[in-house]
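Reading through the structure tokens given below for one structure.
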Amino acid sequence: MKKRLSLLSIFVLPLILIFCGNSDREKIEYVLSKRDKAFETKNLELYLSCISPNYKEEKNGQYIGIEEIKRNFLSNTSIFDRIKISHSNRTIYLNGEKADVAQRTTVEVKLEKEEGHFALNENIGFEKINGKWLIVKESNTDFLKGFVFGESK
């Protein structure tokens, strides 16, 4: 009986850990896909559903809060007629209740008759808050800068 129990724990425990890890990865992937959809549809409410309501990040000695995140989203989306986002080389680093996502993002935009595309490296921080994965550190995405000047990073 003891031998069966130890064999069971050798095979079952790693599977449980793998499935739990995949579940968190899938949940983070889901939030990232909602974020993309929010940019493509210019839906501020959908975007904010991906962001921690207590968002607070220090940049250049100043704290950026949820209001700044809203302004950045609107400035990145309102000017364009069409936005299409795709990703490559996405890696999710899980560390308990925190996760970091590194990805190469390609953004295609259209403004009147002008079309353009650019690529940038994004690093996005997540935290599991009340059982839900939310963004606690947004990337420095600037669609207008990328559209006008090319790749921003």
Side-chain angles (χ1 to χ4, degrees), residues 13-60 62-153:
L13 187 57
L15 288 175
I16 291 170
L17 292 174
I18 288 170
F19 286 121
C20 288
N22 284 343
S23 177
D24 283 336
R25 289 180 195 284
E26 289 170 2
K27 289 174 183 173
I28 291 169
E29 291 275 358
Y30 176 71
V31 173
L32 290 167
S33 70
K34 279 185 10 181
R35 177 182 177 262
D36 291 346
K37 188 71 166 175
F39 277 111
E40 292 176 347
T41 60
K42 305 175 188 183
N43 185 330
L44 178 61
E45 293 306 314
L46 181 60
Y47 178 70
L48 291 176
S49 74
C50 303
I51 307 292
S52 168
N54 301 321
Y55 190 98
K56 190 174 185 181
E57 178 185 359
E58 184 181 354
K59 285 187 182 180
N60 302 326
Q62 295 182 3
Y63 283 99
I64 307 282
I66 198 75
E67 292 304 317
E68 182 69 23
I69 290 298
K70 287 179 188 178
R71 278 192 295 278
N72 289 346
F73 176 84
L74 292 172
S75 72
N76 272 304
T77 58
S78 62
I79 191 168
F80 297 107
D81 299 324
R82 181 180 50 84
I83 301 169
K84 177 73 177 142
I85 298 175
S86 60
H87 304 281
S88 61
N89 300 328
R90 178 180 283 167
T91 306
I92 299 173
Y93 303 97
L94 284 169
N95 186 11
E97 301 290 298
K98 295 185 182 222
D100 291 305
V101 174
Q103 62 187 10
R104 182 77 171 162
T105 301
T106 301
V107 181
E108 297 175 31
V109 291
K110 182 177 181 185
L111 175 60
E112 295 176 2
K113 294 181 181 180
E114 296 291 318
E115 292 188 25
H117 71 277
F118 56 95
L120 53 113
N121 294 319
E122 290 191 296
N123 294 301
I124 304 168
F126 281 81
E127 192 171 319
K128 200 173 202 178
I129 301 169
N130 298 324
K132 184 177 177 185
W133 286 101
L134 295 170
I135 296 171
V136 294
K137 181 186 174 291
E138 182 58 285
S139 76
N140 295 324
T141 305
D142 186 342
F143 292 175
L144 185 58
K145 182 178 177 184
F147 179 70
V148 175
F149 299 108
E151 185 175 341
S152 63
K153 287 186 183 182

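Reckoned from all heavy atoms, side chains included, excluding hydrogens, waters and symmetry mates.
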Rounded to the nearest 0.5 angstrom, the NE2-OG1 distance for His87 and Thr105 is 4.5 Å
>> Closer than 3.5 angstrom, by distance alone: can the side chain of Arg25 be matched with the main-chain N or O of Ile92 as a donor-acceptor pair?
In response: yes
Interatomic distance, CZ@Arg90 vs CZ@Arg104, rounded to 0.5 Å, equals 14.0 Å
- Message: Would you say that Leu48 contacts Ile66 through its side chain, given a criterion of any heavy-atom pair below 4.5 Å between the two side chains?
- Response: yes
Over 12 foreign heavy atoms within 6.0 Å of CD, Glu58:
yes
Review point. So Asp100 and Asn123, side chain to side chain contact (heavy atoms under 4.5 Å, CB included) or not? Walk me through it.
Key: CA-CA 7 Å; Asp100 291 305; Asn123 294 301; over 6 Å; no
For Lys59, the side-chain hydrogen bond (donor to acceptor under 3.5 Å, both in side chains) test, sequence neighbours excluded, returns Asn140
In this structure, CD of Glu108 is separated from CD1 of Ile85 (nearest 0.5 Å) by 10.0 Å
For a 4.5 angstrom cut-off between non-hydrogen side-chain atoms, does Glu138 reach Asn72?
no
Between Glu68 and Glu57, is there a side-chain heavy-atom distance shorter than 4.5 Å?
no
Compile the donor-acceptor pairs under 3.5 Å between side chains in residues 124-136 and protein atoms, sequence neighbours left out, one pair per line.
unit_1 : atom_1 : unit_2 : atom_2 : d
Lys128 : NZ     : Asp24  : OD1    : 3.1
Trp133 : NE1    : Asp24  : OD1    : 3.2

So CG of Leu44 and OG of Ser49: to nearest 0.5 Å the spacing works out to 10.0 Å
**Prompt:** So, the side chain of Asp81 versus the backbone of Glu112: is there a donor-acceptor pair under 3.5 Å, distance only?
**Reply:** yes
Output for pair (Asn43 CG, Lys37 NZ), nearest 0.5 Å, gives 10.0 Å
Here the pair of heavy atoms bringing Ala38 nearest to Phe73 is O-CZ, 3.4 Å
Indicate yes or no: at least one non-hydrogen side-chain atom of Val101 is less than 4.5 angstrom from one of Glu122.
no
Applying side-chain contact (heavy atoms from CB on, under 4.5 Å) to Glu67 and not counting sequence neighbours gives Lys70, Arg71
- Query: So, do Glu26 and Tyr30 sit near enough that their side-chain heavy atoms are less than 4.5 Å apart?
  - Reply: no
dist Lys56:NZ -> Ile69:CD1 (nearest 0.5 Å) comes out at 13.5 Å
